[in-house]
There are 2 protein chains.
Amino acid sequence: MAKYAEKILEIVESRCSHPTAEEIFYALRRDYPRVVRATVYNNLHRLCKEQRIAKVSLAGMPDRYDRIARHDHLVCRKCGRVVDIELPDLTKQLEEQAGQPLLSYDLKLFYLCEDCRPAGRQADVVAVDSAASASSGDIG
Amino acid sequence: MAKYAEKILEIVESRCSHPTAEEIFYALRRDYPRVVRATVYNNLHRLCKEQRIAKVSLAGMPDRYDRIARHDHLVCRKCGRVVDIELPDLTKQLEEQAGQPLLSYDLKLFYLCEDCRPAGRQADVVAVDSAASASSGDIG
DNA sequence: AACCATTTTTAGAATAATTCTAATTTTTAT
DNA sequence: ATAAAAATTAGAATTATTCTAAAAATGGTT
């Protein structure tokens with residue numbers, strides 16, 4: 001059907017980088033130099049609606065797109081990088097605690113990635129230096 | 001110090017609506033008709049940096065601002081409304097499962113709110129009708 | 001009170017991400 | 001081959017946010 005949908009799906013799934021619409025647009029344009037941003041957005045909307053990809057957003061950044069399979073994210077508070085993490089499915093536990101049937105949930109864990117962690121000691125990292133952190137206080 | 005910071009803090013904390021910058025701007029303008037959006041953003045940034053408020057973002061909507069005290073959110077998949085929910089603190093559990101020291105986490109539970117829930121039966125609500133839902137597939 | 005330095009606010013232009021609209025092209029079914 | 005439907009294009013429009021430079025407010029010093 002849609003000429004680009006499968007290609008875009010492939011781009012999203014083949015990367016672990018949670019690409020933005022812009023990144024997908026550039027990747028797609030390598031093969032199809034005439035595609036236009038609106039086409040990328042159209043296809044992303046459709047793929048989301050069809051539950052074939054998921055949109056992930058973080059405060060202050062453009063939305064990102066991700067594979068659909070259940071997994072969670074580790075987000076570095078300092079550099080903002082997002083990496084996947086496979087935690088056990090908490091749906092049952094959360095449904096009990098919330099007293100509500102849930103459709104799904106989104107869980108982001110904030111930490112300091114290796115690159116941003118003060119060298120040497122790492123056990124006593126408890127808070128982000130508020131001056132150094134570009135995005136502290138943000139929940140995304 | 002900053003003329004508006006306390007007032008903005010009060011607006012954010014006094015509402016359970018997680019107001020957007022725009023909503024805060026209008027609320028503030030009722031008392032101070034000359035304030036300008038940039039002032040609101042300046043103060044919001046500062047309050048975030050000082051960890052006095054938190055920024056919350058959801059896919060496809062403007063960022064929202066929230067009180068800082070730990071709590072989670074229920075997000076309706078159909079109408080997008082966000083309400084607070086007080087779940088037990090999962091930091092310890094998640095640190096163990098992730099094998100990482102965490103700074104914090106963000107948990108959003110997706111459900112169908114009362115207004116959006118198909119009337120009558122509610123036990124067998126398992127998925128969102130993909131045509132009817134404006135934002136299905138989104139993780140924010 | 002007058003002065004200077006610093007901080008905050010204002011006004012409005014600029015940017016970034018996304019959406020919209022209308023025309024054109026492609027695809028599908030007949 | 002043709003009509004109808006769907007997808008894509010081009011580019012304008014909108015929305016949220018940031019930036020910049022000037023003006024105003026604030027604070028501390030003499």
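Keep in mind it's a predicted model, so treat the numbers as computed, not measured.
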Rounded to the nearest Å, what distance is computed from the [atom1] atom of residue [X] to the [atom2] atom of nucleotide [N]?
X	N	atom1	atom2	value
B:F25	C:dG12	CZ	C1'	13 Å
A:L58	D:dT17	CG	C1'	17 Å
A:Y32	D:dT9	OH	P	11 Å
A:K55	C:dA17	NZ	C1'	11 Å

task = With the side chain counted from C-beta on, respond yes when A:L9 and A:E13 share a heavy-atom pair under 4.5 Å apart, and no when they do not.
result = yes
[X] side-chain N/O to [N] phosphate OP1/OP2 under 4.0 Å:
X	N	value
A:R46	D:dA7	yes
B:R37	D:dT18	no
B:Y4	D:dA25	no

If you check the [X] side chain, which of [options] turns out closest?
X	options	result
B:P62	D:dT17, D:dT8, C:dT19	D:dT17
B:Y41	D:dT8, C:dT10, D:dA16	D:dA16
A:N42	C:dA11, D:dA7, D:dT8	D:dT8
A:A38	C:dT18, D:dG11, D:dC19	D:dG11
A:H45	C:dT10, C:dT8, C:dT19	C:dT19

inquiry  = For B:H45 and B:Y41, take the angle between the two ring planes, folded into 0 to 90°, and tell me which bin it lands in: parallel under 30, tilted 30 to 60, perpendicular over 60.
reply    = tilted
ask   = With a 4.0 Å cut-off on heavy atoms, is A:N43 in touch with a base, just the backbone sugar-phosphate, or nothing at all?
value =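 Sugar-phosphate only.
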ask   = What is the nucleic acid contact for B:D63, judged by heavy atoms within less than 4.0 Å: base, sugar-phosphate only, or nothing?
value =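 Sugar-phosphate contact only - B:D63 comes under 4.0 Å of backbone atoms but never of a base.
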task = Using a strict cut-off of less than 4.0 Å between a Lys/Arg side-chain nitrogen and an Asp/Glu carboxylate oxygen, indicate whether B:E86 and B:R70 qualify as a salt bridge.
result =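 Salt bridge absent between B:E86 and B:R70.
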ask   = What about A:L94 and B:L102, same hydrophobic cluster or not, with Ile/Leu/Val/Met/Phe/Trp/Tyr joined at side-chain heavy-atom distances under 4.5 Å?
value =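 In one cluster: yes.
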key: Distance flag, aromatic centroids of B:F110 and A:Y105, threshold under 6.0 Å   =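 No: the rings miss the under 6.0 Å criterion.
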